[in-house]
Amino acid sequence: MPDGFVWGAATAAYQIEGAVAEDGRGASIWDTFTRRPGAVADGTSGEVACDSYHRWRDDVDLLEKLGVDAYRFSVAWPRVLPAGHGTVNRAGLDYYDRLVDALCERGIRPFVTLYHWDLPQALEDAGGWRVRDTADHFADYAAVVAGRLGDRVQDWITLNEPYVSSMVGYAEGRHAPGATEGHGALAAAHHLLVGHGGAVRALRAARAGARIGITLNLSPAVPATGSAADRAAAHRMDLMLNRQFTDPVLGRTYPDGFAELYAGVSDLSFRRDGDLELIGAPLDFLGVNYYYRIHAADAPRERDDPARRSAFDIGVRSVTREGVPVTDLGWPIEPHGLYETLTGLAQRYPDLPPVYVTENGIAQLRDDPDADPERIAFVAGHLAAAARAAADAPVDLRGYFYWSLLDNFEWARGYGPRFGLVHVDYPTGTRTPRASYHWLRERLSGRTGNRF
Ligand code: BGC
């Protein structure tokens, strides 16, 4: 990896903090959603999680001993603005202030994500991301956080995975707020991007020299077979999952075929003149979360049968391919997909900004605080793929963040899947570094400059 390459680990507020009712924090859509029967596989919530709201010093110690250059964490909007806008809760900001101070004291660079899915419930009650006001409130919130932390934080990530916030939250209903709407989900996706653009503007106005990016989850969509129908299905999946976000964020219009894809679902009337200029303002970096490739097959019956049609059905089924190893969650393990993602970005966008892999990781279902050889193999394989991509294509790859520092609340799957370099015993909060943590630590300590 090049000099200056940033090695890091990542977490998100609702997944680790707990303390959901402490020091004036308002409710978020995840507090509400997790109370819905059946919403979370094991019936749990982020109410306590890793208790990082109290144990953050332990987390910082773990990061320091690991030897990473950077920590990516998120700020919980409802801690800072309990109603989403209006009155600022100083006590909520104090928590991040202390965390940022502790990181800076240890020479660990904070990468702050402003939105990792925990929308204040009050804003959802007023329409959530379906309505443009939420985007405006998000920009104001960004300015508030930058006003408090921006003297020490340079690196900002506006949104984490707007695809998941909009499509999984508002169309599939598997995530908060648990809606199953077609038009509403597309409006949410667009307004998330408008909010991103507004936040970029607000951050630049608040802090000269801020480095600003957005994190997208990108997966190459490959046809399950060579048939024309599967190739067309893969293209539709690529439009929905990847290019709906990469094109406008990187200064293009929405991709060709976008309106046709959603014909009958939405007239896209939420778009306004000037939105694309706002959304496509130049960025300092693009964050890429890569977990797996999608093998896309045409699913005509689902598309044509109104009874089986979800709020959002583009006629694509994701299939498993024989011979491809999978994680405990059934996710295909294909490091080459990271290579394809990075080189594909470079090919499609000649003006691609620098890239960070802001998430990549593997879950295990067993509750094992020790040996995790599959995690070591996963990281090594994906780092090699990323390095190959940077050598083969004009990708300015600046860093890699493992997801996650800690086992944590894995959204609708609850606490079963464990992604951590560090095991968490939830009843006691005890943190135990796994073999993968020691493996990474040894490699980071053996660096000459920024090389392994
Ligand atoms: C999210 C994380 C999540 C991880 C593993 C990403 O989509 O940003 O919050 O835990 O994937 O599922």
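Atoms within a ligand are numbered from 1 in the order they appear, just like the ligands themselves.
- Taking 4.0 Å as the cut-off between side-chain N and carboxylate O, R130 and E124 count as a salt-bridged pair.
- No hydrogens or angles considered: a donor-acceptor pair under 3.5 Å links the side chains of D247 and Y349.
- Note on residues 22-34: pairs passing salt bridge (charged side-chain N to carboxylate O under 4.0 Å, His left out), not counting sequence neighbours, are R25-D31.
- No salt bridge links D284 with R211; every basic N to acidic carboxylate O contact stays at or beyond 4.0 Å.
- In summary, the side chains of R35 and S45 do not present any donor paired with an acceptor at a separation below 3.5 Å, with no hydrogens or angles considered.
- Residues of the protein with a heavy atom under 4.0 Å from ligand 1 are Q15, H116, W117, N160, E161, N289, Y291, W331, E359, W403, E410, W411, F419, listed by chain and number.
- No side-chain heavy atom of D425 sits less than 4.5 Å from a side-chain heavy atom of P369.
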